[in-house]
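Below is one structure, written out as structure tokens, with a few remarks after it.
All values reported here derive from a predicted model rather than from experimental measurement.
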Amino acid sequence: SVDTMIGNEFRFAVLDTSVSPPEFVDFCAVIDPGSIGEEKPLIDVTSLCDPGRVYRGGLRDGVEIPLVVNFIQGDEQIRRMYEQYQADSQNSFRLYIPGTSPEEYFQFDGIVRAWNLGVPNGDKASMTFTLKVNGQVQWVYG
């Protein structure tokens, strides 16, 4: 049998800097954290003596993450994400598996590059914050 994680076994957390010391807190309104990762552009380093094209990876670039949340009126975390967009400020984020030992998580710094509010008639309202990873995504385990 193959053991794999189910998406809702993960939690998305945001660094709360309003407390001292700052700590990661669950962002419970999240319904879809998108996909977290990085990519490198291909750089063609083919020389005259190579029998075919040769590539190497360029500088890593964190992906853009469409973070979808249930719109909850008065939710402080949703409001803080909107304020981070307005202020062009960066925050730290974490996707983790609760209760693991040893602890395992993916952590990154990012900016809120975009936001939009969907208000379908007769269905739940949701907000999407597009996060852009700044720097490297760290996979911490063990």
What residues form a side-chain contact (heavy atoms from CB on, under 4.5 Å) with [X], not counting sequence neighbours?
X	value
Q107	F24, R94, Y105
S47	C49, D50
P66	T128

How far does [atom1] of [X] sit from [atom2] of [Y], to the nearest 0.5 angstrom?
X	Y	atom1	atom2	value
N134	F108	CG	CZ	10.0 Å
I97	E103	CD1	CD	10.5 Å
N70	C28	CG	SG	11.0 Å
N91	R80	CG	CZ	9.0 Å
S126	I72	OG	CD1	11.5 Å
R60	K40	CZ	NZ	5.0 Å

Does one hydrophobic cluster hold both [X] and [Y], with members joined at side-chain heavy-atom distances below 4.5 Å?
X	Y	answer
V30	Y85	yes
M81	L117	yes
V63	F10	yes
F12	Y141	yes
V68	V14	no

Within-4.5 Å side-chain heavy-atom neighbours: [X] and [Y]:
X	Y	value
I78	F129	yes
V112	T130	no
V137	W139	no
D88	I111	no

Hydrophobic cluster mates of [X], side-chain heavy atoms under 4.5 angstrom, ILVMFWY only, any path?
X	answer
L59	none
V25	none
V45	I43, V54

* Asked: Got a sec, which pairs hit ring-ring contact (aromatic ring centres under 6.0 Å, His included) with one end in residues 27-84, sequence neighbours left out?
  ->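 Applying ring-ring contact (aromatic ring centres under 6.0 Å, His included) to every pair that reaches into residues 27-84, excluding sequence neighbours, yields Y82-W115.
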Taking salt bridge (charged side-chain N to carboxylate O under 4.0 Å, His left out) as the definition, give me every residue that meets it alongside [X], ordered by chain and number, with sequence neighbours left out.
X	result
D44	R53
E76	none
R79	E83

* Taking all heavy atoms of I65 and all of P33, pick out the closest pair and write down the distance. =>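 Closest heavy-atom pair between I65 and P33: CG2-O, 3.1 Å.
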* Looking at P120 and A125, what are the two nearest heavy atoms and their distance? ->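 Heavy atoms only, the tightest pair is CD-CA, 4.3 Å.
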* Could you name each residue pair satisfying side chain to side chain donor-acceptor pair (under 3.5 Å) that touches residues 20-34, not counting sequence neighbours? =>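 Residue pairs with at least one partner in residues 20-34: D26-Y96.
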* Asked: Can you pull the salt bridge (charged side-chain N to carboxylate O under 4.0 Å, His left out) pairs that have at least one residue in residues 106-135, sequence neighbours excluded?
  ->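 Matches after skipping sequence neighbours: D61-K132, E64-R113.
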* To do: Measure from the side-chain N and O atoms of D16 to the backbone N and O of S18, and report whether any donor-acceptor pair falls under 3.5 Å.
  =>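 Pair found, side chain donor or acceptor close to backbone of S18.
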